[in-house]
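See below for the structure under consideration.
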Number of protein chains: 2
Amino acid sequence: MTSENGAVPVWARPPAGRRTTLSREAIVAAAVAVADAEGLAAVSIRRVAAELGARAMSLYTYIERKEDLLDLMADEVIAEAHVAEPLPSDWREATMTIARSERAAVRHHPWLVELISRREAVGPNGLRHLEQSVAALSGLGLDRAATLRILAAVGDYTRGFILREHNAADPRRTAAVDRYFKERVGTGAYPHLEPMFRDGVPEQEDTFEIGLTWLLNGIAAGLDREESP
Amino acid sequence: MTSENGAVPVWARPPAGRRTTLSREAIVAAAVAVADAEGLAAVSIRRVAAELGARAMSLYTYIERKEDLLDLMADEVIAEAHVAEPLPSDWREATMTIARSERAAVRHHPWLVELISRREAVGPNGLRHLEQSVAALSGLGLDRAATLRILAAVGDYTRGFILREHNAADPRRTAAVDRYFKERVGTGAYPHLEPMFRDGVPEQEDTFEIGLTWLLNGIAAGLDREESP
DNA sequence: GGGTCCTCCCGTACGCTGTATCGCTTCTCC
DNA sequence: GGAGAAGCGATACAGCGTACGGGAGGACCC
């Protein structure tokens with residue numbers, strides 16, 4: 001039955017079925033393995049089924065559509081972003097630890113970027129991650145709106161960085177793009193870019209913590225200002 | 001000829017052909033129109049060709065693969081992020097203006113998010129945008145590495161925010177996801193989330209400028225510290 | 001003016017995708 | 001032991017990107 005509850009998130013729907021050889025867990029695990037080995041594009045229903053010695057349509061006993069599988073995959077590996085408790089007591093250190101952990105999870109499963117950039121992560125593990133992010137700020141005694149603002153800003157920066165890092169690592173677009181870039185810049189049409197990139201695109205340093213520290217400093221300054229005007 | 005220069009960015013390759021009815025510009029314009037009206041998923045080679053009264057394979061005279069078309073589309077609409085000169089003289093105001101403009105362009109063409117999150121924007125218009133971002137910081141007299149750090153941080157935050165904003169607006173995943181969210185949180189498994197979301201997910205305020213201001217404040221503080229230690 | 005070549009355009013075809021539909025088999029429960 | 005449910009899958013369909021090869025027609029040279 002292709003039921004009418006397509007609007008209900010996967011996790012809220014029971015697998016429905018007397019499982020034997022297949023299972024939702026096995027399907028997700030197989031899909032994650034394929035993605036890890038060959039990228040997200042290699043994850044097709046037929047391919048995952050083959051990996052389990054089954055046929056394509058058998059998977060549809062456990063998921064309703066491929067999007068469900070992608071949701072489950074994302075939630076599966078976002079679990080790796082969980083930080084061992086207890087969190088550092090300082091909110092900035094705690095927030096930074098969580099952000100680092102999120103980045104590490106994505107580095108371990110690069111395809112996660114393509115999923116995160118398409119959907120909100122609100123599966124069980126995604127919620128645990130969110131819970132931890134809120135916990136990191138709990139010592140500040142802020143109200144709900146203020147907490148959400150900080151959470152959003154830190155999360156936005158983190159995901160933006162992760163995205164750029166991921167795209168920059170794409171082997172298809174580096175050498176040739178750099179060459180084109182240098183050539184265009186050399187035309188003189190970009191006066192400010194020219195002195196910066198005359199010798200090509202420099203090796204990027206790892207600026208993740210620098211930017212995050214700037215942001216946290218700015219947030220901290222805002223908090224001080226509120227407390228002691 | 002499916003030439004061997006697939007590694008060269010589209011913009012560097014001449015269209016090659018005695019154009020008559022079709023042209024690269026017309027193809028890109030048609031593709032943008034389809035994406036604006038029906039989303040990026042509706043942009044298929046066959047569909048764009050039909051829009052121009054042509055057959056699918058005709059487009060391949062002007063592009064080598066669909067990815068090229070997507071690159072061209074992204075660069076086409078990122079032009080809207082260009083800010084009318086002169087830029088505000090204050091670097092923070094200038095940076096903020098550019099970031100606002102980037103956000104506005106994406107709001108005007110939501111599908112741009114799906115492209116930006118997949119590739120670096122380095123077409124002619126993307127470079128103009130980058131040029132402006134560098135120009136905004138030129139008054140600070142920083143060296144290349146310091147400029148790039150600030151550029152990266154601001155860009156990461158901006159794109160992270162835009163991404164979240166885009167995903168949150170997805171009509172498919174709001175009501176049902178919220179319901180599931182509330183139910184899970186109600187189980188008591190998430191002690192820090194519970195007091196925050198007991199009554200459901202609150203209406204989000206627009207925090208774009210708040211977060212960006214935090215980041216810029218943090219950057220400014222870092223600059224002061226360097227100047228007068 | 002006639003031949004040659006280059007380029008636009010596209011008909012056809014291939015391998016791939018997600019998934020609707022329906023039927024078979026096997027297990028569970030009364 | 002009969003009935004119903006549930007796992008599994010064969011088949012099929014519409015759609016995708018694009019490789020290949022051919023026809024049409026303008027541009028150029030002799």
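Just so you know, these numbers use all the heavy atoms, side chains as well, and skip hydrogens, waters and symmetry mates. Quick note on labels: first sequence line is chain A, next is B, and so on, each numbered from 1.
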| query | Between Arg118(A) and Glu114(B), is a salt bridge (Lys or Arg N to Asp or Glu O under 4.0 Å) present by the stated rule, with each step listed? | reply | CA-CA 8 Å; Arg118(A) 266 210 304 252; Glu114(B) 296 163 57; over 6 Å; no
| message | Please determine whether salt bridge (Lys or Arg N to Asp or Glu O under 4.0 Å) holds for the pair Arg179(A) and Glu183(A), giving the CA-CA distance in whole Å, both sets of side-chain angles, and the decisive distance to 0.1 Å. | response | CA-CA 6 Å; Arg179(A) 207 176 320 125; Glu183(A) 180 207 308; over 6 Å; no
| request: Please test Trp111(B) against Val32(B) for side-chain contact (heavy atoms from CB on, under 4.5 Å), starting from the C-alpha separation and ending with a verdict. | output: CA-CA 9 Å; Trp111(B) 48 269; Val32(B) 167; 3.9 Å; yes
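For the pair Lys66(A) NZ and dC16(C) C1', the interatomic distance rounds to 11 Å; values are reported in whole Å. The separation between Arg55(B) atom CZ and dG23(D) atom C1' is 16 Å, rounded to whole Å. Summarising the geometry, the separation between OH on Tyr60(A) and P on dT21(C) is reported as 13 Å, rounded to the nearest angstrom. With rounding to whole Å, Arg65(A) atom CZ is found 14 Å from dT21(C) atom P. Summarising the geometry, the separation between CE on Met57(A) and P on dA12(D) is reported as 14 Å, rounded to the nearest angstrom. Counting to the nearest Å, the C1' atom of dA10(D) and the CG atom of Leu59(A) are 15 Å from each other. Leu52(B) places its CG atom 13 Å from the C1' atom of dC9(C), with the value rounded to the nearest Å. The CG atom of Leu22(B) sits 19 Å away from the P atom of dA24(D) (whole-angstrom rounding).
Residues Ala54(A) and Arg46(A) both approach DNA chain D. Their nearest nucleotides, taken by heavy-atom distance, put Ala54(A) toward the 5′ side.
Residue Ser58(A) is classed as a base contact, given a heavy-atom separation below 4.0 Å to a base.
OP1 and OP2 of dC8(D) both lie 4.0 Å or more from every side-chain N or O belonging to Thr61(A).
Across Gly188(B) and Glu194(B), no two heavy atoms sit closer than the pair CA-OE1, 4.3 Å.
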